Undergrad: 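Take a look at the following structure, please.
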Amino acid sequence: MAIKIYNTLTRQKEEFKPLREGEVRMYVCGPTVYDYTHIGHARTYIAFDVIRRYLEHKGYTVLMAMNFTDIDDKIIRRANETGEDPKELAEKFLKYFLEDMKALKVKPADIYPRVTEHINDIIDFVKKLQEKGYAYEGSDGVYFEVRKFKDYGKLSKIKVEELVKGARVEPGEGKKNPEDFALWKKAKPGEPKWKSPWGEGRPGWHIECSTMSTKYLGESFDIHGGGSDLIFPHHENEIAQTEACTGHEWVRYWMHTGFLMVNGEKMSKSLGNFVTIREALERYDPEVIRLFVLQRHYRSPLDYTEEGLEHAKNNLERLYNTLENIRVAMERAEISFKWDNEEFEAYEAIRDGRKKFYDAMDDDFNTAEALKAVFEVSNAVNRYLTQVERPKESILRKAWEFFKIVSEVFGIFEDYFREEKAGEEEALIKLLIDVRAQLRKERKFDLADKIRDELRNLGIQLEDTPQGTVWKRIKI
Ligand code: AMP
Ligand code: ZN
């Protein structure tokens with residue numbers, strides 16, 4: 001089945017056809033590193049992580065780049081407030097961002113280009129725009145002349161005439177028209193600066209993404225994404241710069257995530273209503289946060305509430321329970337020589353759930369619907385296990401394989417499925433169970449109980465059944 005993507009450029013779902021067969025080149029705008037990353041950012045980056053994972057799962061080679069804005073007005077302002085060097089400040093928060101993404105199990109981008117390491121590329125790009133007549137030098141910087149680019153507004157559907165209503169060039173600004181935007185900013189005293197044909201200064205914000213994305217992904221590529229606040233002006237300006245420079249279409253599919261909201265407002269650094277990823281991770285497992293995000297379609301707004309997170313926590317627990325039920329049942333499962341009604345029913349539920357999962361993901365990465373299918377399979381397997389005494393290995397394996405797919409695409413249960421680790425652990429747990437049984441035989445109950453209790457603290461619960469001792473993983 002083909003994947004359909006909602007393209008912000010056309011405001012429609014379109015069949016996804018990458019420019020090069022079998023390969024997807026995607027660029028996601030990265031953070032401005034001047035503060036801790038919050039759950040609003042996490043919403044966007046987890047959404048794109050799952051999009052990327054699904055494309056990989058479908059067999060595409062994905063080349064993904066994400067920029068770091070490691071110099072800009074906000075960084076300079078914050079550094080002045082705290083008395084830090086802007087470079088060191090950016091370095092610190094860039095490192096924290098990578099740590100936070102790792103903790104959230106977001107796969108790293110293939111390339112993380114940083115502005116300060118691409119100044120010469122940016123200067124070359126601005127020079128080209130100037131040569132082609134789209135850019136001009138003013139007293140305080142170099143500007144892009146918006147009216148020269150005929151397609152301006154094609155992404156955001158904003159008309160230049162609307163834009164300039166009531167707007168004016170502020171005193172001291174060196175631009176010709178209010179709608180023009182900076183490509184290069186000349187340095188004021190004390191600001192970080194680099195040499196350029198227009199004197200010392202630093203790049204404007206939008207130009208970095210045009211320069212670095214085309215450098216690494218080519219003059220045309222497949223997907224460009226970010227939060228919906230970036231549609232205007234950031235992405236609109238990126239299109240103007242890049243297409244003015246190359247003279248042809250740049251990005252095929254524009255994808256934008258809905259906001260994470262707090263009491264009706266966007267979670268943002270400037271409003272101060274944010275919860276950092278670090279704070280959230282003190283209270284919730286990273287997989288709870290992932291599931292919380294995936295419970296909504298990526299384009300819909302998502303409310304940050306305790307109930308929403310608790311709901312995700314319970315859902316995750318339910319799924320882990322099912323996995324444990326399957327794993328434990330595998331030990332008493334038998335090869336099938338015949339199927340009864342229960343097997344047919346369970347098989348059909350798994351088959352239908354799996355199809356629903358793929359259909360939902362193919363339909364513009366609808367993780368909310370896909371998750372419903374996961375629960376349908378989960379419920380069907382649990383029902384099956386209560387119905388039969390000796391489950392059939394083939395049914396359990398089908399369910400197991402489905403959950404493996406969910407794991408790969410959603411980035412949850414990954415540790416659980418790491419077989420080698422599980423194999424080693426399993427052998428050690430079995431050994432401890434044997435030792436405990438021996439201790440009990442020798443009536444050394446204190447030591448035996450110590451083994452049971454300590455294992456429980458590690459998330460391994462022993463259960464004594466008439467058939468012997470079995471173990472289960474529990475969430476602690
Ligand atoms: P920034 O560092 O503010 O440029 O943001 C980095 C990325 O996170 C951008 O793609 C933003 O659109 C996205 N983002 C910021 N706040 C939110 C939010 N509350 N909900 C969803 N995405 C957000
Ligand atoms: Zn960008």
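Just so we're clear, the structure is a prediction, and the values are computed from it rather than from any experiment. Atom set for the values below is all heavy atoms of this structure, side chains included, hydrogens, waters and symmetry mates excluded. Order of listing sets the numbers, starting from 1, for every ligand and every atom in it. Position 1 is the first residue of the sequence, and the numbers go up from there.
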Undergrad: Who's the nearest protein heavy-atom neighbour of atom 6 (C) of ligand 1, and how far?
TA: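 Checked against all protein heavy atoms, atom 6 (C) of ligand 1 sits closest to Tyr45 OH, 3.3 Å.
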
Undergrad: Please find the pair of heavy atoms, one from Asp49 and one from Lys105, that lie closest to each other, and give the distance.
TA: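 Nearest heavy atoms, Asp49 then Lys105: OD2-O, 3.5 Å.
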
Undergrad: Applying ring-ring contact (aromatic ring centres under 6.0 Å, His included), can you list everything that pairs with Trp198, at least two apart in sequence or on another chain?
TA: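 Per chain and number, Trp198 pairs via ring-ring contact (aromatic ring centres under 6.0 Å, His included) with Trp184.
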
Undergrad: Do any nitrogen or oxygen atoms of Thr257 lie less than 3.5 angstrom from nitrogen or oxygen atoms of ligand 1?
TA: no

Undergrad: Does His38 have a heavy atom less than 4.0 Å from any atom of ligand 1?
TA: yes

Undergrad: Which pair of heavy atoms, one from Val406 and one from Val374, lies closest together, and at what distance?
TA: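 Taking every non-hydrogen atom into account, CG2-CG2, 3.8 Å.
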
Undergrad: Ignoring angles and geometry beyond distance, decide whether Leu230 reaches within less than 3.5 Å of ligand 1 through its nitrogen or oxygen atoms.
TA: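 No, since none of the N or O atoms of Leu230 sits under 3.5 Å from an N or O of ligand 1.
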
Undergrad: Mind checking whether Phe274 has a heavy atom under 4.0 Å from ligand 1?
TA: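 No, Phe274 has no heavy atoms under 4.0 Å from ligand 1.
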
Undergrad: List, one per line, each side-chain donor-acceptor pair under 3.5 Å for residues 158-175, sequence neighbours excluded.
TA:
from: Glu173; atom 1: OE1; to: Glu170; atom 2: N; distance (Å): 2.9
from: Lys175; atom 1: NZ; to: Pro178; atom 2: O; distance (Å): 3.1
from: Lys175; atom 1: NZ; to: Asp180; atom 2: O; distance (Å): 2.9

Undergrad: Please write down residue, atom name and distance for the protein heavy atom closest to atom 4 (O) of ligand 1.
TA: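 Scanning the protein heavy atoms, the shortest distance from atom 4 (O) of ligand 1 goes to Thr32 OG1, 3.8 Å.
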
Undergrad: Using heavy atoms and a threshold below 4.0 Å, how should the contact between Leu260 and ligand 1 be classified: side chain, backbone, both, or neither?
TA: both

Undergrad: Just to check, does Gly225 reach to within less than 4.0 Å of ligand 1 when the distance is taken from its heavy atoms?
TA: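 No.
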
Undergrad: Is it the case that ligand 1 has an N or O less than 3.5 angstrom from some N or O of Met267?
TA: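 Yes: some nitrogen or oxygen of Met267 is under 3.5 Å from one in ligand 1.
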
Undergrad: So, applying side-chain contact (heavy atoms from CB on, under 4.5 Å) with Glu249, which one of Thr242, Leu9, Ile239, Asp151 is it?
TA: Leu9

Undergrad: Going by ring-ring contact (aromatic ring centres under 6.0 Å, His included), name the residues that satisfy it together with Tyr298, two or more places apart in sequence or in a different chain.
TA: none

Undergrad: Which count of protein N, O or S atoms is obtained for distances strictly below 2.8 Å from the Zn ion (ligand 2)?
TA: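 There are 4 of them.
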
Undergrad: Return the residue, atom name and 0.1 Å-rounded distance of the protein heavy atom closest to atom 13 (C) of ligand 1.
TA: Thr44 OG1, 3.8 Å

Undergrad: Hey, which of Asp363, Asp362, Asp364 is the one that makes salt bridge (Lys or Arg N to Asp or Glu O under 4.0 Å) with Lys13?
TA: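 With Lys13 as partner, Asp363, Asp362, Asp364 yield a single salt bridge (Lys or Arg N to Asp or Glu O under 4.0 Å), made by Asp363.
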
Undergrad: Could you tell me if Arg290 sits above the aromatic ring of Phe410, with its cationic atom closer than 6.0 Å to the ring centre and no more than 45 degrees from the axis?
TA: no

Undergrad: For atom 8 (O) of ligand 1, what's the nearest protein heavy atom and its distance?
TA: His41 CD2, 3.2 Å

Undergrad: With Lys176 as the cation and Tyr136 as the aromatic partner, state whether NZ or CZ is under 6.0 Å from the six-membered ring centre and within 45° of the axis.
TA: yes

Undergrad: Check each of Ser228, Gly40, Gly227, Gly30 against atom 23 (C) of ligand 1 and report the one with the nearest heavy atom.
TA: Gly40

Undergrad: Against the six-membered ring of Tyr96, is Arg278 placed for a cation-pi contact (under 6.0 Å from the centre, within 45° of the normal)?
TA: yes

Undergrad: Just to check, does Lys269 reach to within less than 4.0 Å of ligand 1 when the distance is taken from its heavy atoms?
TA: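 So Lys269 counts as touching ligand 1.
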
Undergrad: Flag this pair as yes if the NZ/CZ of Arg299 is under 6.0 angstrom from the six-membered ring centre of Tyr6 and inside a 45 degree cone about the axis; otherwise no.
TA: yes

Undergrad: Indicate yes or no: does an N/O atom of Ser268 lie under 3.5 Å from an N/O atom of ligand 1?
TA: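 In fact, backbone or side chain, Ser268 has no N or O that close.
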
Undergrad: Under 4.0 Å from a heavy atom of Gly226: which atoms of ligand 1 are those, numbered in the order shown and with their elements?
TA: 10 (O)

Undergrad: Applying side chain to side chain contact (heavy atoms under 4.5 Å, CB included), run through Tyr134 and Glu145 and close with a yes or a no.
TA: CA-CA 6 Å; Tyr134 288 100; Glu145 191 161 355; 5.9 Å; no

Undergrad: For atom 12 (O) of ligand 1, find the nearest protein heavy atom and state the residue, atom name and distance (0.1 Å precision).
TA: Asp229 OD1, 2.5 Å

Undergrad: Going by side chain to side chain donor-acceptor pair (under 3.5 Å), Asn67 matches just one of Arg114, Glu208, His118. Which one?
TA: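 For Asn67, the side chain to side chain donor-acceptor pair (under 3.5 Å) test succeeds with only one of Arg114, Glu208, His118, which is Glu208.
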
Undergrad: Quick one: which ligand 1 atoms are inside 4.0 Å of a heavy atom on Lys266?
TA: 16 (N), 17 (C), 19 (N)

Undergrad: Considering all heavy atoms of both residues, which atom of Arg25 and which atom of Leu217 are nearest to each other, and what is their separation?
TA: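 Taking Arg25 first and Leu217 second, the nearest heavy atoms are NH1-O, 2.8 Å.
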
